[in-house]
Protein chains: 2
Amino acid sequence: MKNLTKRQEEILNLIKTHILDLGFPPTRADIARSLGFKSPNAAEQHLRAIEKKGFIKILSGASRGIILNDSENDQIPVIGLVAAGGPILAEENVEKTIPRSNNLLSNDIDYYLRVKGDSMVNIGIFEEDLIGVSKSANTKVGSVVVARINNEVTVKTLIEMSQNKVVLRPENENYEDIILDPQVEEIAIEGSCVALLRESI
Amino acid sequence: MKNLTKRQEEILNLIKTHILDLGFPPTRADIARSLGFKSPNAAEQHLRAIEKKGFIKILSGASRGIILNDSENDQIPVIGLVAAGGPILAEENVEKTIPRSNNLLSNDIDYYLRVKGDSMVNIGIFEEDLIGVSKSANTKVGSVVVARINNEVTVKTLIEMSQNKVVLRPENENYEDIILDPQVEEIAIEGSCVALLRESI
DNA sequence: ATTTATACTGTAATTATATACAGTATACAG
DNA sequence: CTGTATACTGTATATAATTACAGTATAAAT
C-alpha cells in the first residue's frame, strides 16, 4: 500500500471524521466544501487516487459509497505463546486480534500478550491475563516490561539497567531476581506493560 | 422512547446491518428492495415513524442521512463510588462510559465497577481496577459477585447462599468472612464479575 | 524529453435519492 | 364512529450526488 500525499491524507481523515460524526461518509461536494475546493471534481479525483493506493473503495453509482479499507489497522493482535527465536509479532504467535477501542484502554497498546506462569501474581498479573504492551512507552526502573532473554520472552519488573547489569524481578516471593550481564547474555526490552485485561474471573 | 413495531424493528435492524456491512446507511430504495416493498415511500414512512419514536434521526436533504440514536446502548457505564442508598447505575455514580466492543471482552457486561480497597488482592483484583459486571450471568457458589449489604456495595466471593445464611469471602487474609442472615440484613446480589480491566500497571 | 502523478477549476449530464401527494386497507383507542 | 397508528402501492418531481469531459499548472520519474 503506497503512501498517501499530505493532501490525500487530509481527505482520508476528513472522511473518517465525517463517519465518526454523522455515521456516513461525505459526498464529493461535502469534501470540496470542507477543503475549499471550488469543484466537486477535485474531491472525486483525490478519491480515485486514494482508492488506487488501496486506502478506500469507491462503490460506483452509490451516493456516499466510500468504504474505508483500514479495518486491519484497527485491530490489536493478541500474542499467545511466543515461538523461540522469531519476533513477538510474527504471525504464528497471533492468537487472535481485537478491535482497538479508543476510550477503553490506553491508546498506545501495540499488542496484547497472554501471561504464562505465576511469576507476577503479587502485582495482580495472573496466568492467562492479557497484558497490553506498548513498544514506545518509555521504560524506566520500576516499569513492568516485556523482556527477551536469549530468545525467550518474559514479563518482569525492571529493577536495574546499566551497561553491564540488568536486573529483572518476578513479583512472587517464590522466584529470585534475574540478574544478567547484557554483554554476555542477549537481552532486549520489547516494551512496557501499560494495561491488563482478564477475560474471566 | 416508545416501542417499535415488529416491522419497524426489522427496518432498524436492516439499517444497522447495512452500516455494519458497508459503512453507511441504506437509501429508501435499498430498504424497499430488501424488504420487498414496491414503493420507496413505504420505507420513507417507516423511517418517519421510527424517527418519531426516537430511534433514529433523519437529516433532511442528505442522501442516506439516517443517524442511529443508540449510541447510549453501545456505551458501557463505568461506575465509580456508589452513593449509598440509590441504585448502582444511578447517573451520579457514572464516572464515564466506554464503547462496547464485541470481541474485546465478554459481551454481557452491564457495567464496569471501579474497585475500592484491597480485599480481593489474592485473586488479582486490585484497587482502581475496573470489574466487568454482568447482571444476568448466573451467580453460583464460588463466583465473584457484586453484593449490596445494607445499602453498601461490595465485591466478594460468594461462598454460601441459603435462606438464612449468606457468606461472602474477601480474598485477603487480613479480612474475615462476612456472614449474614438475609432475614435480618438487607442483602442483594447485584451481579457477577466476568472480566477485569486495569488501565495502568 | 516525455510520461505520470499531483492538485486543482469549470461545466454539464445522468442517475440516485429524498420526498411530496394521492390512495387503499386494517386495527386499535377514546 | 371518528381519529390515529400501522402498513403499504403508485406516481411524480425537485434536488442531491456521481461522474464524464475539457482544461491549467507544477513536480517528480523514466
Side-chain angles (χ1 to χ4, degrees), chain A residues 1-70, chain B residues 1-70:
Chain A
M1 205 136 73
K2 272 194 204 167
N3 285 335
L4 293 180
T5 66
K6 204 172 152 188
R7 203 56 163 158
Q8 287 165 359
E9 201 149 348
E10 221 171 322
I11 287 166
L12 186 57
N13 282 332
L14 192 101
I15 296 168
K16 289 180 183 173
T17 304
H18 196 282
I19 292 173
L20 224 64
D21 286 352
L22 293 173
F24 46 84
T27 64
R28 276 63 163 170
D30 288 337
I31 296 171
R33 205 173 315 116
S34 291
L35 293 181
F37 302 158
K38 291 184 181 159
S39 164
N41 194 38
E44 173 73 24
Q45 288 182 45
H46 276 302
L47 291 177
R48 298 266 174 95
I50 296 169
E51 185 185 37
K52 210 170 165 189
K53 290 183 177 176
F55 289 82
I56 60 170
K57 195 181 165 198
I58 299 172
L59 298 185
S60 87
S63 72
R64 305 180 191 273
I66 301 169
I67 297 178
L68 297 175
N69 278 161
D70 57 357
Chain B
M1 205 137 70
K2 274 194 203 168
N3 284 335
L4 293 181
T5 67
K6 206 174 152 188
R7 202 56 164 158
Q8 287 164 0
E9 202 150 346
E10 220 172 323
I11 286 166
L12 186 56
N13 283 332
L14 193 103
I15 297 169
K16 288 180 184 173
T17 304
H18 196 283
I19 292 173
L20 223 64
D21 287 351
L22 293 173
F24 47 83
T27 64
R28 275 63 163 168
D30 288 338
I31 295 171
R33 204 175 314 117
S34 292
L35 293 181
F37 302 158
K38 292 185 179 157
S39 165
N41 193 39
E44 173 73 24
Q45 286 182 45
H46 277 302
L47 291 178
R48 297 265 174 94
I50 297 170
E51 185 185 37
K52 210 169 165 189
K53 290 183 177 175
F55 290 82
I56 59 169
K57 196 182 167 198
I58 299 172
L59 298 185
S60 88
S63 72
R64 304 178 191 275
I66 301 169
I67 297 178
L68 296 175
N69 276 162
D70 57 358

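Per chain, numbering begins at 1; letters A, B, ... match sequence-line order. Remember, it's a predicted structure, so these values are computed and weren't measured experimentally.
A/R28 contributes no side-chain N or O that, together with a main-chain N or O of A/A43, makes up a donor-acceptor pair within less than 3.5 Å.
A sub-4.0 Å separation between OP1 or OP2 of D/dT18 and a side-chain N or O of A/S60 is absent. For the pair A/S63 and C/dT15, the criterion of a side-chain N or O lying under 4.0 Å from OP1 or OP2 is not met. Put simply, A/Q8 has a side-chain N or O that comes within less than 4.0 Å of OP1 or OP2 on C/dT6. The phosphate of C/dT19 (OP1 or OP2) has no side-chain N or O of B/R48 nearer than 4.0 angstrom. B/R7 has no side-chain polar atom (N or O) that falls below the 4.0 Å cut-off from OP1 or OP2 of D/dT6. The shortest distance between the side-chain N/O atoms of A/H46 and the OP1/OP2 oxygens of C/dC8 is below 4.0 Å.
When the P atom of C/dT24 is taken as reference, atom CD of B/Q45 falls 15 Å away, rounded to whole Å. The distance from atom CD of A/E10 to atom P of C/dT6 is 15 Å, rounded to the nearest whole Å. The CZ atom of B/R28 sits 17 Å away from the C1' atom of D/dA7 (whole-angstrom rounding). Taking atom CD1 on B/I11 and atom C1' on D/dT6, their separation rounds to 11 Å, with Å as the unit. Atom CD1 of A/I66 is separated from atom P of D/dA16 by 18 Å (rounded to the nearest Å). Between the NZ atom of B/K38 and the P atom of C/dA25 there is a distance of 15 Å, rounded to whole Å. Protein atom CG of B/L59 is 13 Å distant from nucleotide atom P of D/dA16, rounded to whole Å. Summarising the geometry, the separation between CG on B/L35 and P on D/dT6 is reported as 16 Å, rounded to the nearest angstrom.
A salt bridge links B/E44 with B/R48: the closest approach of a Lys/Arg side-chain nitrogen to an acidic carboxylate oxygen falls below 4.0 angstrom.
Nearer to the 5' terminus of DNA chain D, by closest-nucleotide assignment, is the contact made by B/F37 (compared with the other of B/F37 and A/S39). Both B/K52 and A/G65 sit near DNA chain D, but only B/K52 has its closest nucleotide nearer the 5' end. In terms of position along DNA chain C, the nucleotide closest to A/A49 lies nearer the 5' end than the nucleotide closest to the other residue of the pair A/A49 and A/G36.
For the atom pair A/I11 CD1 and A/L35 CG, the distance stands at 5.5 Å (nearest 0.5 Å). With values rounded to the nearest 0.5 angstrom, B/F24 atom CZ is found 15.0 Å from A/L22 atom CG.
If you check D/dT19, C/dT19, D/dT9 against the side chain of A/I58, the one that comes closest is D/dT19. Ranking C/dT19, D/dT18, C/dT9 by closeness to the A/A42 side chain, first place goes to C/dT9.
The partner of D/dT9 is C/dA22, judged by Watson-Crick or G-U wobble contacts that both fall below 3.5 Å.
Of all heavy-atom pairs between A/L47 and A/I56, the closest is O-CD1, 3.7 Å.
With sequence neighbours left out, the side-chain contact (heavy atoms from CB on, under 4.5 Å) criterion links B/R33 to B/A29, B/D30.
For D/dT9, the base has a donor-acceptor partner in the side chain of B/N41 [N/O atoms by modelled type, under 3.5 angstrom].
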